Structure formats: structure tokens, C-alpha cells
Number of protein chains: 2
Amino acid sequence: MAQLPAQLHQIENKSRRERIIELLREAIVSGELKPGEALIETEIAAQLGVSRAPLREALQSLSREGLVEALPYRGTIVRNLSRADIEELYSFRALLESFALRRIIEIGDPAHVALLRGYFDAMLDAAKRDDMRAVNDSDRGFHDALIELSGHRLLQESWQTVSLRVRQVMALRNRRNRDLTKVAYNHIPIIDAIAESDVARAEKLLHEHIASAGDLIAEMWEDGGTPNGATP
Amino acid sequence: MAQLPAQLHQIENKSRRERIIELLREAIVSGELKPGEALIETEIAAQLGVSRAPLREALQSLSREGLVEALPYRGTIVRNLSRADIEELYSFRALLESFALRRIIEIGDPAHVALLRGYFDAMLDAAKRDDMRAVNDSDRGFHDALIELSGHRLLQESWQTVSLRVRQVMALRNRRNRDLTKVAYNHIPIIDAIAESDVARAEKLLHEHIASAGDLIAEMWEDGGTPNGATP
DNA sequence: CGTCAGTCGATTGTCGACAATCGACAGCAG
DNA sequence: CTGCTGTCGATTGTCGACAATCGACTGACG
């Protein structure tokens, strides 16, 4: 089994369905497709050059993930986000991340802490360049890592959904320019608490960190659509 | 709009897909379809008298729920459950129910407590008749209610997945006959703690309640298949 | 003018047939 | 006997056409 030139990449061999899922998912969480927007199967299928079968299966998946809402015989729309949804999202997010954090401290691997510090360094670096995009990416990396390092697969599954919706919310809000370096430095006490295995303090800090982010967004949120209750 | 005779039921008007989902889901969580078993599209479609299109969409959903595993071009099998899966399942379950419990206490509605007591009464009643099935149903009702009463939709979504897998695990284990009335009475201190708004105590009791149930099952679990790691 | 049955276009739900991919096995070379 | 290569059956992935359902519109009727 001769080892071929190392620069050969694995070729992409995903089904149409999977690629459609990723494509639509990215369009939704990036805000390109806005809440309430109708996803008409015939249209999208034609646009992507595929038949409706794999497209329907993709929409089915997105529906399970909660990114879209499928109304029987009436179509599929990008799910609306009410202020209550935002609050639920962030409270649930705090729950999941707290759990991950407890497990990480329980494991107590110094390499984990080092990895988290790595994300902080990248975040701070980006903040100094005032590169908001990079700051957000590092921030996401940090929080994703928190879940990943917990080693809890069920948690990771659940996190995916939550994480996607958080990205969507962040893409949709009016971006208020806070002091980016300040945002980055917010993560340091949390990492320190983890390093010191201080569960209570780490949990408290993380909870505040997430809650304040959630409140900030919830406050400026205007219920565009009527997710479940109406204003008739 | 004349009110028709009250004994008229809403007629079932679900798509084939939905009915297939429910049917297969029930077959899996009841243990009728065993972990590792292959679900061949052509076979099942013929057996149910439907085409493969709605069946595939149903399998897609079950795959998202984690009840089955879809291997590209190689078929779909009922997901295997390792001992590690059981432990993850119960630790996550404890997390979700604790969260629900905190919210219920925060809401502080006496009607909620009354409802929970209702489930306990039914459970105790069934236990005295030594009706294991009814005890399990009431137990499930109690824990489902806990989630429901929290009023947190995202939590409810997440719970569905967890709840289904718990049912599956309970259906698959060798049923050890414990003292049913003892099982029922385990719930009383939790309800009392909720009634007294004692978060810490309620949470501690609930956590123990779930952990002991999980440990009991995990101990007697024999890793049938090799979910992710192998014994070659 | 308001109400209600009937009709219509748009869209989703379902079907049967065809194409693509996989693992297993047979056959050949060394 | 060992290892590689090509073929085959089984199964999934995809397609285009048809059926079912919905909301909006129309128009008659009180």
C-alpha cells in the first residue's frame, strides 16, 4: 500500500441531500434567508438543479433542527424568532454550556484549558485588529470547544441545534459595536476558574456571560413575525 | 355553527410520512425492532403498502432523532446502545429535568404541584395492583409533566429525543421486579420539595432519583453491538 | 351588504422507474 | 496460498409525472 503524495485531499462524496442541507442551513443561519420567507420546493429545486426528492428530505432535516417550519400542504417557511424564543434559546444555551463546563472540570485535563486559552488568544488578536468577523469566529470556536471537550455525545447533538440558532440570531440582529477587546477579556475569568477547578465560580461566570449576551440581544429584538401568538 | 354530538372525534388527517414515523418509532422504543436490526426500505415500504418516498422521509426523521443510524448507500439500522450511551442518556436526562424543576419552582403555581401529585396517586394505585405497565406509564407521565410544566419549548423539544430513548432502554432491559410501591413513594419527597420551593433539595433528590435508575440499568447492561468502539 | 357553496391555481404529498454506489465473491497472476 | 482486479446482486439515491389538499377568489342568494 504505497503512500501517495500527501497533498491529495479526500474527495467530497456527499449525497445531494447532504449538500442541500448544508447549503440551506448556511443560508438561514447567515440571515440570507430571512424568517418568514417561504421555501417553495419547485423553485429551490429548479434553482439548485436537483429534483424535489432530495430537497424535500433536506427540508425535513432542517425542520427537525427547528430552522424551518413545515406547514402541511401549505409549504415550508424559515422559522420566525420571537423575543421569547431568544430568551429560551439563551437560557437553554447556558444550561448546556454549564453542564459541559462541569464535566470539563471533572475531567481536569490541562490540555483542555490550554486549548481554551488558544481560542482566547485568537479572539484577543482579532479584537485588536478590530476584526469583528474573526472575533465572532473565535468566540464560536471557544464555546463549541467547551461542548466538544466535555466528551458527551448527546450534549454535542443537542448543542448543534442551539448553536445554529444562536448564529442565526447573531446574524439577524442589528450589530451594535461594542468594545471588542472587552468582549474577549470577558472569557479570561472563566478559563481561570476552570483551570483552578472552581466549579461554582466558573459556572456563575459563564452563566452571567451568556445571560448578558442574551439580554443584550433580547432587548433590541423586535418581534417581526408572530411565531405562535398573534397581534391581529 | 351547530355543535354536533360531542362524541365525534377529530378524524386523523396525517400524511403517510407522519404515520410511518409514529409506527416505526413505537416499534423501536417498544423494543419490537431491536438494535442493529436492518431497516430495508423496499421491504418496509411493501409491508406497509406505501412507496419508498414517504418511508425515506420517515427514516430521515428517525435518524435525526437518533433512534436509527443511516449509513450512506448501505442502509439504515436501529441504533445500537452501548453502556456509555446509557450513562450519557441518564446524565443528560437529569440535566434537563433539573432545569425544568428549577423553572417550575420559579413559576410557583400550586396547580402544577397538584398535577404532579395526581401522577403520584395514579402511580401508587397501580403499584398496589402490582400493575407494572401502569406504574411505568404514570412514571413517564410524571416526568413528562415535569418538562411540560416548565413551559420551555426548546426544552420540550430536546426532551422528546431523550424521553424516547429512555423508553427504548427500559423496554430492552431485563425487567428486574423491584418493589413497585417503593418506586412510587420515591417521588413524594421531590413533590414536597417543589411545593416548599426548596430548589436545592428538590434538585438533589431528583438527581439521585434519576441517577439511581440509570445506574441500575447501566449495571445490568450488556453491550450487544459495538456502537462506536470495537472489541475485535 | 354579508354569507356561503363552488371553482381554480398553486403547492405539497406520493408513486413507480431509473441511476449510482456498496460489499461480496470469483478469477487470475505471482 | 496470497493479493489484486473485475463483475454481480442488493440496496440506496434521484428523477419526472400524477394525485391530493389548501387558500383565495367568484358569484349566487338571502
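Only a predicted model underlies this, so the values are computations on that prediction, with no experimental measurement involved. Throughout, a chain's letter reflects where its sequence line sits, starting with A, and its residues are numbered from 1.
In this structure, A:Glu43 places its CD atom 7 Å from P of C:dT11, rounding to the nearest Å. In this structure, B:Tyr73 atom OH and C:dG23 atom C1' are separated by 15 Å, rounded to whole Å. The CD atom of B:Glu41 sits 8 Å away from the C1' atom of D:dT11 (whole-angstrom rounding). Look at CZ on B:Arg52: it is 12 Å from P on C:dA17, rounded to the nearest Å. If you measure from atom CD of A:Glu57 to atom C1' of C:dT14, you get 13 Å, rounded to the nearest angstrom. To the nearest angstrom, P of D:dA10 lies 19 Å from CG of B:Leu39. For the pair A:Leu59 CG and C:dT12 P, the interatomic distance rounds to 9 Å; values are reported in whole Å. Atom-to-atom, CD1 of B:Ile77 to P of D:dA10 comes out at 21 Å; the value is rounded to the nearest Å.
The number of heavy-atom neighbours closer than 6.0 Å to CD of B:Gln160, taken from other residues, nucleotides and ligands shown, is 12 or below.
Within 4.0 Å (heavy atoms only), A:Arg56 reaches at least one base atom of the nucleic acid.
Side-chain proximity of A:Ser15 to C:dT12, D:dG13, D:dC15: nearest is D:dG13.
B:Ser98 and B:His207 form no side-chain donor-acceptor contact under 3.5 Å, judged by distance and modelled atom types alone. Checked by atom type, the side-chain pair A:Ser212/A:Asp215 shows no donor-acceptor distance below 3.5 Å.
Remark: A:Arg74 is not in phosphate contact with C:dA10, judged by side-chain N or O atoms under 4.0 Å from OP1 or OP2. Side-chain nitrogen and oxygen atoms of A:Ser51 include none within less than 4.0 Å of the OP1 or OP2 phosphate oxygen of D:dT14.
Here OG of A:Ser61 is found 11.0 Å from CG of A:Leu24. Values are rounded to the nearest 0.5 Å.
Comparing A:Pro54 and B:Thr76, the nucleotide of DNA chain D nearest to each residue sits closer to the 5' end for B:Thr76.
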